[in-house]
Amino acid sequence: MDMYAEEIISHYEYPHNKGRMERPSASFHDNNPLCGDDMTIYLKISGQKISEAMFDGSGCAISMASASMLTDEVKGKSLAEVGEMDARSIISMLGIDPGPARLKCATLSLRTLKEALLSYRKMPADGSVREL
Amino acid sequence: MRRIDVGAIREDFPILSTRMNGKPLAYLDNAATSQKPRQVISAISEYYGRYNANIHRGIYKIAEEATEKYIESKSKLARMINAGSSREIIYTRNATESINLVALSWGEANIRRGDHILITEMEHHSNMVPWMVLARRKGAVLDYVRLGKDYNLEMGSLEKELSKNPKIMAFTHASNVLGTVNDARSITTKAHKAGALVLVDGAQSAPHMGVDVRGIGCDLFALSGHKMLGPTGIGALYGKEELLERMEPLLTGGDMIRSVTYESFEWNELPWKFEAGTPNIAGGIALGTAVDYINKVGIGRIRAHEESLTSYAIERMGRIKGVKIFGASDHDANGRAGIVSFAVDGIHPHDVSQIFDGEGIAIRAGHHCAMPLVTQLIKEPALSRMSFYLYNTEEEVDRAVAAIDKVKRTFKL
Ligand SMILES: Cc1ncc(COP(=O)(O)O)c(C=O)c1O
């Protein structure tokens, strides 16, 4: 039950891809008022692929580490591939089981990223976002 | 005053000898809900196992016994908070429902466009949102008494807001975030002078300190049973009899009427007028048992125990670098309830409580249902909170202090 594995702590202390992106193709801001986590995802998209991903925000170690890893992970992926990602992808990416109470923290980054893609395609939120 | 025998008390709470994540459970989340002694747990199973029957309408032995025990529990609660009689005790589901009952019934009948409603900046959502909704529906104005130093109520702001002659003032007796204990009696006196009706949110006071509603002089007082050793699903609203007589019931139907014809109806007498349908009989009876338990230990001694634990916790935690404690410095006039909210520099409260969890320690992290206070005034996204009750020990505080060390080590601080 070690939620705070070295890798999580290290991504939390030294996050990758953190900061504001200038002129992103898509961005979305979301928060989890229950915990006070706050997240913005920025994407550069070219030819149906994510070429750059960044995040900004504040929150617990799980939500921040997850955003740091996810923005690494999606670079170079096609929009279709990212569309397939779900909570299980996040759990295997983190390498820990956040448990029911923290799952929302872990998936906040993916939820925000999917919202960013939907707004890019000018589509309303769908089930795949809501169930995250 | 003789100290309480915590060892013997702990024996009465089955959950306190269980483990969480392999460690003995240290339950430090009493402001959210308290644990239950076996006497309370047995009272519930005894009702269902031996004399389960609906109250009021049965002319047979077990129905009479259920009715008697349910009514008796109201008398016990009435004595505990020094209400005039059990006619002034309405059972609800919780403090939230008690406050909503007032906002919806009294508020509906008495609040008009442009009227002022007064609360404070330290309220729990339960004593804030019902008034926001009422104000919005009626076009009334909701005012807040501001908080000053140490997040205490600012007396100048109280005077200023009262000069607007609010129709009602609702405030918390003890803050669930800061532990502040407000001087309910003096605030009530001032609010009455300004012509306001007064509701006191006693969710955090009734379980932990002697409450004297007639001494305070408030018109209404709300509490939750589950925070005072009772089961969930039972709470109470105290109201002065003449006020409750004038208030309309919120829900109508069975049990709350004296008579019905095809053409008309007549309300039942107090307190039944406000309890439509079959109530939470087991919960009411068990709340009576919880009151017995508190009386047996002595509320004054419970308060003394919590005060000493709280000072101990504040003093030990206060020495840890990077830990900030919020709320009244503990030695002012009314002291502080057994609540210590804190932040560890650079670490989100969820991570703090997650690591506590791993050590078998239950604390709460979040905005504690006082989001404006935490995020707008204290300006933290969330806070960690320890809160004590009669069964907590200094050893548990020591474990919490050690857990903070572990938090800092985990995050390499
Ligand atoms: C000050 C205060 N008021 C009201 C409530 C609401 O209590 P309940 O959820 O039992 O209705 C709480 C509970 O946390 C509280 O601390």
Side-chain angles (χ1 to χ4, degrees), chain A residues 1-16 18-19 29-41 55-70 87 90-91 94-112 132, chain B residues 19-23 29 32 124-125 128-129 177 322 326 341-385 403-413:
Chain A
M1 228 266 342
D2 191 11
M3 201 166 293
Y4 299 99
E6 271 305 311
E7 214 196 339
I8 304 272
I9 299 288
S10 143
H11 273 273
Y12 177 58
E13 311 244 279
Y14 308 102
H16 304 181
K18 188 153 189 258
H29 171 251
D30 199 1
N31 64 1
N32 185 346
L34 224 54
C35 7
D37 288 351
D38 187 271
M39 176 87 57
T40 307
I41 294 271
F55 80 100
D56 208 356
S58 59
C60 65
I62 305 297
S63 68
M64 293 295 111
S66 149
S68 170
M69 292 180 184
L70 181 69
I90 294 291
I91 291 172
L94 290 171
I96 55 157
D97 179 1
R102 304 297 296 282
L103 192 62
K104 287 270 172 216
C105 314
T107 55
L108 175 62
S109 56
L110 181 60
R111 199 160 61 241
T112 313
L132 273 174
Chain B
R19 292 178 163 256
M20 186 165 80
N21 293 316
K23 311 265 169 66
D29 192 18
H124 186 281
H125 296 164
M128 181 177 287
V129 182
V177 176
F326 299 89
S341 285
F342 63 98
V344 186
D345 218 7
I347 303 173
H348 193 281
H350 276 189
D351 295 321
V352 174
S353 75
Q354 187 87 56
I355 288 170
F356 272 59
D357 172 51
E359 300 301 305
I361 309 168
I363 61 167
R364 190 147 292 253
H367 50 55
H368 312 295
C369 290
M371 216 169 159
L373 171 61
V374 172
T375 61
Q376 287 173 257
L377 274 189
I378 297 178
K379 293 194 168 57
E380 293 278 340
L383 293 176
S384 301
R385 179 185 74 188
I404 292 179
D405 256 350
K406 169 136 196 204
V407 170
K408 294 173 76 177
R409 262 182 285 121
T410 305
F411 285 90
K412 307 192 173 71
L413 289 181

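Every chain is numbered from 1, with letters handed out A, B, ... down the list of sequences.
- A distance of 7.0 Å separates CD1 in B:Ile347 from OH in A:Tyr12, rounded to the nearest 0.5 Å.
- More than 12 heavy atoms of other residues, nucleotides or ligands lie within 6.0 Å of NZ in A:Lys104, so this atom counts as buried by the packing criterion.
- Residues B:Gln354 and A:Tyr4 come closest through the heavy atom pair CB-OH, 3.2 Å.
- Between the CG atom in B:Leu413 and the CD atom in A:Glu13 there is a gap of 6.5 Å [rounded to 0.5 Å].
- Highest contact tally toward chain A, considering only B:Glu380, B:Met371, B:Lys412, is held by B:Lys412 [criterion: heavy-atom pairs under 4.5 Å].
- Counting non-hydrogen atoms of neighbouring residues, nucleotides and ligands closer than 6.0 angstrom, the CZ atom of A:Arg102 exceeds 12 such neighbours.
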For residues 34-41 of chain A, run the donor-acceptor check on the side chains, cut-off 3.5 Å, and write out each pair with its distance to 0.1 Å, sequence neighbours left out.
unit_1	atom_1	unit_2	atom_2	d
A:Asp37	OD1	A:Cys60	N	3.2
A:Asp37	OD1	B:His348	NE2	3.4
A:Asp37	OD2	A:Ser63	OG	3.4
A:Asp38	OD1	A:His29	NE2	3.3
A:Asp38	OD2	A:His29	NE2	3.0

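- The distance from the CG atom of B:Asp351 to the CD1 atom of A:Ile9 is 7.5 Å, given to the nearest 0.5 Å.
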